[in-house]
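These notes concern the structure reproduced below.
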Amino acid sequence: MQYLIIRSKMNRNIDNYRILILDFGSQYSQLLARRIREIGVYCKLWDWNITVEQIQEFNPNGIILSGGPESTIQKKSPRAPEYVFTAGVPVLGVCYGMQTMAMQLGGYVKKSEKSEFGYAQVNIIAKSKMFHDIRDSEKKDGTPVLDVWMSHNDIVTEIPSDFIVIASTDNCPYAIIANEEKKFYGIQFHPEVTHTRQGQRILKRFILEICGCKALWNPANIIDDAIWSLRKQVGTDSVILGLSGGIDSAVTALLLDLAIGKRLICVFVDNGLLRLNEGQQVTEMFGEKLGLNIIHVKAAKRFLKALAGITNPEDKRQTIGRVFIEIFNEEASKIPQVKWLAQGTIYSDVIESATSKTGKARVIKSHHNVGGLPKKMKLGLIEPLKNLFKDEVRKLDIELGQPYNMQNLHPFPGPGLGVRILGEIKEEYCNILRHADAIFIEELHKANLYNTVSQAFTVFLPIRSVGVMGDNRTYDWVVSLRAVETTDFMTAHWARLPYDFLGCVSNRIINEVTGISRVVYDISSKPPATIEWE
Ligand code: XMP
């Protein structure tokens with residue numbers, strides 16, 4: 001693989017400039033973090049009850065206090081550590097973050113007579129370094145106006161004595177407040193949502209000018225930095241990686257390939273639950289075209305044997321995960337020089353597992369990945385993507401020449417077709433499903449609909465229905481088509497695919513796939529359904 005590594009002094013330590021976001025539980029906290037990364041600066045989300053030592057160790061150039069669902073008026077509602085205001089770095093409080101900042105520094109907050117949700121106009125009434133030149137329009141008297149998005153029940157009614165008011169709305173006298181000397185700013189609206197039209201400019205001003213950060217966090221620098229760090233971490237050892245063909249493990253493999261070349265050993269386990277020709281595509285792309293070191297384990301029979309008779313979805317997942325680990329262990333133990341295990345963990349996995357540790361999230365499905373491996377194998381863990389959001393991983397993929405092609409952007413679950421065949425998994429069902437699914441996906445591409453949906457696939461239902469083909473009665477299986485639109489896969493709408501398109505797919509499947517007599521379309525959203533059927 002060709003990728004020119006230019007490691008200049010300029011881009012070394014691209015996370016030297018860093019912003020700390022204290023999370024008070026807003027639904028937009030992750031979005032805030034992504035917006036800052038988009039500006040080109042490294043940032044990390046941390047629970048509001050971070051310790052002073054943790055802040056000092058992180059050593060941020062600026063701190064943002066996020067919004068949150070609670071009310072500062074309530075007893076025991078969360079507060080920022082006092083150290084935030086003595087650390088000597090700029091602070092930006094957003095919504096709840098502004099209210100707690102105002103309160104902690106001597107101001108008052110009370111329940112607003114009128115809650116404000118949605119669009120609002122903010123009038124800028126005083127000059128400030130943070131907002132000069134930033135406006136959407138002007139009033140007749142020349143007052144600059146911002147179009148913003150608000151979402152709050154409480155308002156600041158008195159500001160700390162060393163603060164000034166910069167802007168207000170009709171309903172909210174303190175919409176923007178500041179202590180310019182200390183570089184403390186409070187804004188009642190949400191700059192991270194696109195409805196606040198100047199939101200990104202405001203964040204940029206705060207981060208690049210007020211905090212003095214340099215925008216070094218971009219795909220080329222991230223790759224360069226990852227290669228350098230991987231070389232430092234691994235030294236002359238070898239690394240093993242479970243390659244699934246998904247984008248996270250693919251980008252992890254490509255970075256390691258650039259860093260250590262043939263000392264990366266990829267294990268690709270064909271569990272018999274892959275899509276049509278997928279095993280061949282992965283080995284051709286990564287092995288033959290890109291020249292990665294791949295061990296292709298053909299283990300379909302072993303998985304099917306282990307899965308025989310199992311109908312419960314969770315038991316199926318556990319079995320698939322267990323057999324995968326067994327095979328991976330066997331392969332790893334054949335290569336004694338391997339000292340490290342690489343995984344494609346990304347930042348949202350880290351945030352989500354932190355949430356599940358605190359018990360805030362309930363396990364709906366145990367998502368299978370190779371998380372159980374290191375303890376057993378006593379290998380060091382390498383996770384080069386663990387600070388990146390999914391969209392950043394996609395940008396890295398593009399920067400690396402997009403070898404993991406655009407054809408395959410929809411996610412595919414670890415247990416593969418195992419969660420798309422309801423009940424017991426049989427080889428016959430896998431073959432039928434693979435064929436039907438390939439037709440659905442092919443037609444989506446042909447109709448230019450593939451990129452309009454976030455995920456599309458076919459589900460095998462082990463029930464028989466009567467049909468008629470020519471003059472003969474048939475009594476065959478049913479499949480369901482599923483297509484959803486979502487941004488985060490936590491909630492999803494069923495995709496309104498055109499009837500004619502669905503009709504064409506159904507026709508092709510019933511005519512071309514032996515064993516299917518009926519095709520249905522799933523019109524359930526998440527929640528209450530989930531995206532996969534099991
Ligand atoms: P659900 O069905 O939970 O799916 O609404 C949300 C997203 O997660 C994918 N998914 C999985 N991914 N291992 C994975 O790597 C799994 O076990 C798994 N189960 C679901 C699913 O395809 C969808 O994109």
Side-chain angles (χ1 to χ4, degrees), residues 30 241-253 268-269 271-275 278 282 303 306-307 310 312-325 328 343-353 355-356 361-373 383 385-386 389-391 393-394 404 408-422 425 433-434 437 440-441 444 450-461 480-495 522-534:
Q30 274 207 40
L241 164 88
L243 188 69
S244 69
I247 190 161
D248 301 338
S249 70
V251 172
T252 306
F268 174 64
V269 179
N271 56 13
L273 304 168
L274 303 174
R275 288 162 292 187
E278 192 171 1
V282 169
F303 276 89
L307 286 163
I310 303 180
N312 178 289
E314 275 306 293
D315 293 346
K316 282 160 65 177
R317 276 167 196 273
Q318 299 300 333
T319 305
I320 296 167
R322 175 178 54 76
V323 177
F324 179 86
I325 291 172
F328 198 89
Q343 288 191 0
T345 318
I346 64 170
Y347 193 41
S348 14
D349 301 335
V350 177
I351 298 176
E352 267 156 38
S353 54
T355 329
S356 55
R362 280 185 60 195
V363 177
I364 307 290
K365 296 176 186 183
S366 57
H367 283 201
H368 146 70
N369 56 30
V370 287
L373 289 170
E383 296 174 310
L385 309 181
K386 78 165 188 288
F389 285 110
K390 193 80 172 183
D391 47 338
V393 176
R394 292 216 169 98
Y404 181 73
N408 237 338
L409 271 185
H410 293 180
F412 186 61
L417 302 187
V419 291
R420 294 178 180 174
I421 293 169
L422 303 197
I425 299 168
L433 179 57
R434 252 191 285 274
D437 188 62
F440 183 28
I441 301 299
L444 280 168
Y450 184 85
N451 290 322
T452 67
V453 297
S454 317
Q455 192 170 11
F457 53 89
T458 313
V459 182
F460 182 88
L461 312 185
S480 172
L481 307 177
R482 176 83 164 136
V484 293
E485 286 167 12
T486 172
T487 45
D488 56 10
F489 296 87
M490 309 289 277
T491 58
H493 292 297
W494 60 274
D522 180 355
I523 54 165
S524 335
S525 287
K526 173 183 179 178
T530 53
I531 295 176
E532 304 287 348
W533 277 42
E534 282 196 342

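Both counts, for ligands and for their atoms, begin at 1 and track the order of listing.
- For Gln455, a nitrogen or oxygen atom sits less than 3.5 Å from a nitrogen or oxygen atom of ligand 1, counting backbone and side chain alike.
- Not a single N or O atom of Arg420, backbone or side chain, sits closer than 3.5 Å to an N or O atom of ligand 1.
- Within ligand 1, the atoms closer than 4.0 Å to a non-hydrogen atom of Thr530 are 1 (P), 2 (O), 5 (O), numbered from 1 in the order shown.
- Checked by distance only, ligand 1 and Pro415 stay at 3.5 Å or farther apart across all their nitrogen or oxygen atoms.
- Minimum heavy-atom separation, Leu241 to Ala253: CD2-CB, 3.4 Å.
- Looking at every heavy atom in both residues, Ser525 comes nearest to His493 through OG-CA, 3.5 Å.
- The atoms of ligand 1 that sit less than 4.0 Å from any heavy atom of Phe489 are 6 (C), 24 (O).
- Against a heavy-atom cut-off of under 4.0 Å, Arg317 is close to the following atoms of ligand 1: 16 (C), 17 (O), 18 (C), 19 (N).
- Side chains of Ser249 and Ser244: a donor-acceptor N/O pair is present below 3.5 angstrom, by distance only.
- Atom CZ of Arg275 is separated from atom CG of Asp437 by 7.5 Å, given to the nearest 0.5 angstrom.
- Heavy-atom proximity to Lys526, at under 4.0 Å, picks out these atoms of ligand 1: 1 (P), 3 (O), 5 (O), 6 (C).
- In summary, the aromatic rings of His410 and Phe457 are positioned with their centroids too far apart to meet the 6.0 Å limit.
- For ligand 1, none of its N or O atoms has an N or O atom of Pro413 under 3.5 Å away.
- The shortest heavy-atom contact between Ile425 and Gly418 is CD1-CA, 3.6 Å.
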